[in-house]
Amino acid sequence: MGHRVPRGLDGGATSQKRQKVVHEAPTSEEVHASRQLQQLLSFSQDPARARHGLQSFKLFLDQLLNQDSKDADRPRILRDYLQSTKPADNDENPVYLPDIMQTWSYGTQINNENIMSAVPVVLALLLKLLSQSLESVPFGLGICRTLLQKRQQELIARNLSADKGKSFIISPTLRMLTEAVIFDGGAIAKPLFRARASMLKSLARNMGLVHRGDEAEDTKRPSARTNAVLFFLSALKFLHPEAKKELLSQRDIVAALTRDVKQDPPYLVKELLEGLRAHVLLDDKLPREAKACLLNASTLTRLSALYQYRLDTPADDEPSIADIAHEFLMAACTSPGCGLLRQDSGFYPRELDPNVPVPTAVVDEWGLEVIVWMNKFRTETPVRNHALSNFLPNLRPWSSLKQSELMISIFKAAPELVAHYFLNNKSFTFEPKLSATWTGYAAFLFHTVTLPIPDHFCRGPNFPALPPPTSIVVDNILPPPLNPKALSRSLASKSNMISFFATRILVVALEKLDAALKMHRDPSHAHKTAWAEAARRLVDEFRQRCPGLTEMINAYRSVPEGDILHREAASRLLRLCYEVLPQHALMAKFDVSPFLETSLSRLSRQELEDPKDSALSVKELENLLSIAGYSPGMRWFAAPEGVSLSPFTRLLKVCVDAPHGVALGTIREVLNFVAVEEGLVPRVDAHPGLLALLEALQVLRQSYPDSITHVWPFLDNCLARYANSPVKYVEKFYAMKDEAAEPAVQGLTSADVSLATIAMLEQLPFAAAKEGNQHTLKALGRFLPSFLGYLAAAGESKSLLDLVFSKMVPYLPDSKKKVKAGGVPEGLEFQHNPWPSAKAIEAGKASSTEAPQEEGKSSPAIDAKALENMLHAPDGLEADNSALVRWSSKTVDELVDDGYLKSLIALLASEHASIRKEALVNIRKAAAKIKESEYEEKEQIWLLLMELAETAADNINDRPLPSPTSAFACHAIDVLRDPLSCLYPKVNMFLVRGPSWSPDKIHLVDDILEGDPMVPNTYYTQTNWLLGYLIDGLRTKHDLELFHKKRTMGPLLEHILVSATNPYMRWPLKLQVLRLLYRATCIEGGSTTLTTRFGIMSWLEATQAGCTDASEAAVYETLRKRIWETSDQDRVRAWSREGLNGPSW
Amino acid sequence: MAPPQKSDQQVAAEFTSYYLQRATKEFAEDLDKVRSADDFKNDALQIIVSALQQGTTMFSPEEQRRIVTAAARPANKA
């Protein structure tokens, strides 16, 4: 290694160390005359003299610009000076201020930086001054044009590209250019831009010359960057669109513009944002591409850093920089006109054609599998809005309200970005943690879920032919961070707030799912099968991401008693599960009664002091009531253990004792619904239903508050007795009707008096006979006449009510014969309940007497498609050959609960003998596996499978197992795995009857329709199960033969039709019967068999005539039409001897 | 004379205030824990308030009116 060579003998003289530049302050003198000015500014090769002149001129201009100094001579001196230096008019290239220009040129030539700086300083000041007066504009323009001359351009370029440290040269030059470009309304902006090679020289670099130092930038001494940005903004303001486009395409300049924006002084940031907004975003003439050059992801990201800008201290009424930046970004990212936002197609990813022609037959046969892109977007989705998609990950919506608002607005404007964002940003999870960040993230996700679904999924005027990819729809309903694990942990969290937030998100998600499903079921779809399948997939995928109902129930259970807001949300979530996912909700076996009980008790005790709390509590009760309405096992009239009154009566009590101001409309509706369904009150539109009872109770409470407490037990007893055996009271009613010799029914069609009165009449003697019951009888003496009076006012038969009353009177305390003399009061008005007056009843009467004929004509017609939607049930025994292998890898729980066993059983009805045989072997294997397992109901399931195998073994080689037998086995599994099922005893008894079943019989029909229900109040539930399995069991011609085969109780279908004439059968159950008939019409020859063997046309006609609801009548009507159309019409004509002859449908 | 009916805006404002008051009461303990968490700074308070009150959107204007106006009647009765 060599020795270091000394730098020089004389040391300091040749030192390479940069010498400190010392700026000597120039001398100056005060200007008194234009001639003096001329002399001062005349060209001199002496730099000191030149600086002396320029500095004197600068001070002179400063004084002129200073508003405070009022020296009238100075403007004149300047004017004279300018006049004296004005070039000749005929000069081709006139040079204004030739001496100054020459000095500048000389200064540059000798590299005198002081002169290079001083000239632009005076020119900037001079232009600024000249722009203030109209008469001096020509001089100013002359100077500007002089600057555009080649020589001056070179000087400007040289100044602009001075070393980085020479801001004292760069800044004044930029100020001079700014003054030039804005002079006279931008008169020379265009030529100035044309000379951009010089004028914009090093602009990007100069934008990077930021203020250094700890203190904030002094507004009087702006940095080179500040001057450069101001020059750029001035140019933007006055340039025409083409030039602006060219300017914005200078990538280095655009990039430098915002690179250091975070450190800029507040006024500059404000000007920058306002300038860009006014002259780029909102400039309609500027082409979209030009705007896009500015609004790229990195610009947006840098501007978003202004959310954390801390250098400003805005006054109270002023917006902060963060506010202004937010407003800018909101406009830039969400307005289609601002160039950044591109129109997407909603839930359909880019480059996808949802209207690609696919033959309907192909879709119907293969389903969504034929659409290649349907499963393609699970991990990645292409988008049109690239810039926005790159920008979004830089935002932190969980820690800033404004950023959250911006992001949600972007999602709203470009729905395609929701799935894309969450698929590409997986680092942030929803793992529950009681922190501000988690709370912010939960709030952001809540907002995301509440975003509306784009119109027709694609933002277009109509639905596309094919549905959107299911994964994208689900990503929008439950974004991927909301995975089942995180949601379950949140629901089960010990922190109530975490559980509350998760509950709310699930509530809005279910509401959104409901909306999406409705859109999938829109009648206008071209490929209905595809949309229906997509809807099924949507539900399946949603369920995979959503915690199970059991977890939601547990979450509801663990909400503290007093947390009514939380309880309301949790109960609402459960209600939505029942409404949106009914099949799955009903499988969870949720017994709502205890919760209903708790809620009722709380309301009855009236322990909530704030009426608002009571009102909120009523919301929870309403949710529970809705769940109770959906639960088939709800026992409305049975009092739970340890409680004296049934839920129904307790609800009545809640309505009557309602805390002040609490609206109970929904509770009344539910009560009325139950009362009508149970037949307590007549099912007639003109009848006010349960309101008469409520009114009578409320009047009693008001007049005799003590009496009402004695009425409840009596009323509850009557209602419970009625509910247990309604038929008994129907018979009593008919007997009484005969006794009263009541003429033909007027007004009310299905009943003349509420059957509740008959029950009361029956129970009154027992109440009277009871010792120590005087208070009750006294109360009843007040209540019963008034109740009957309200029933009469509601339009019920007065003569029958009189008869009921006369039979009641002997048991009522009536020492002065006042009660007897009073009779049933007439003309009572409903005061507490918003039901109306006699006029409406009269109107009701009038319309209902004319009804039967009129209704038939005006009933709302439904078309064949609507009928299909309503009555077509999917094939429950559809063959899926893969079931043969899939079951073996599953656990026993999965086999039984997830339908693998059923798929296997369904294969016994396959057309191919080999499949059937294979299925039989597998069923036996599965039975053995189940028997060896720890499954709770293994014995019964094993027995069922072995008996089924035994039944099938004999004939399986020759023909498929009849569908009813397979369907029975499938449905029986559901019963056996639920020991609480009302059919559990019956199915078990059936299984122990023998080792095999008769394959050509349809099982359990008579046991259900005719036998003892074994579990009280479950006749209809059992019938519903039976119809479900019969619908699945009716698939072929051979199956239909079994339905009309002779039996001791008459052909099966006949038996079903007779049961369906039961006036108390509810519409959903009747619909099941109609579904069975519809299924028969889908089988070849089915409609003809229905008509000729069962007289189905007359049955439908008669049932339709008995309908009080026009929409129900329309269903019967359309079904008749379908049967006619699908039958062998010639044969039917001949059979009916032309009685059925293509009616006038 | 019946009191004048509240405008939708009034109802929404009153309901939001009630909802927040209810939520802060029910989750007081948890809110204290959030306040003492490390990340409780800058906008955190605003975010939590906004997060709590966003649940008001789950109630329709009619439901909000029902709950808010439930308060008015006892005063009349008394």
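Residue numbers begin at 1 in each chain, while the letters A, B, ... track the order of the sequences.
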Nearest 0.5 angstrom please: Ser404(A) OG to Asp43(B) CG, how far?
11.0 Å

Given a strict heavy-atom distance threshold of 4.5 Å, which part of Phe15(B) is in contact with chain A: side chain, backbone, both, or neither?
neither

Output every pair passing ring pair (Phe, Tyr, Trp, His ring centres under 6.0 Å) with a member in residues 28-53 of chain B, not counting sequence neighbours, ordered by first then second residue.
none

Sequence neighbours left out, what pairs pass side chain to side chain donor-acceptor pair (under 3.5 Å) with at least one residue falling in residues 49-61 of chain B?
His447(A)-Gln54(B), Ser60(B)-Glu62(B)

Shortest non-hydrogen contact from Ala436(A) toward Val34(B)
N-CG1, 3.7 Å

Those residues at least two apart in sequence (or on a different chain) that pass side-chain hydrogen bond (donor to acceptor under 3.5 Å, both in side chains) with Lys402(A) are Asp323(A)

Is there a donor-acceptor pair under 3.5 Å between the side chain of Glu26(B) and the backbone N or O of Leu565(A)?
yes

Nearest heavy-atom pair of Ile67(B) and Lys612(A): which atoms, and what distance?
O-CG, 3.3 Å

Of all of Ile47(B), Leu45(B), Leu31(B), Asp38(B), which one pairs up most often with chain A through heavy atoms under 4.5 Å apart?
Ile47(B)

Say you draw a straight line from CG of Asp39(B) to OG1 of Thr439(A); how long is it, rounded to the nearest 0.5 Å?
8.0 Å

What heavy-atom pair brings Met58(B) and Ala569(A) nearest, and what distance separates the two atoms?
CE-CB, 4.5 Å

Where is the tightest heavy-atom contact between Asp563(A) and Arg22(B), given as atom of each residue plus distance?
CA-NH2, 4.5 Å

Glu29(B) versus chain A, the contacting section by heavy-atom distance below 4.5 Å
neither

Measuring heavy-atom distances to chain B, does Gln308(A) have an atom under 4.5 Å in its side chain, in its backbone, in both, or in neither?
neither

Spacing of Thr437(A) atom OG1 and Lys41(B) atom NZ [to the nearest 0.5 Å]
8.0 Å

Interface residues of residues 496-506 of chain A facing chain B - non-hydrogen atoms under 4.5 Å apart
Asn496(A), Met497(A), Phe500(A), Phe501(A), Arg504(A)

Rounded to the nearest 0.5 Å, the OH atom of Tyr18(B) sits from the CG atom of Asp610(A) at a distance of 5.5 Å

On a heavy-atom basis, the closest approach of Ala37(B) and Ser435(A) is CB-CA, 4.3 Å

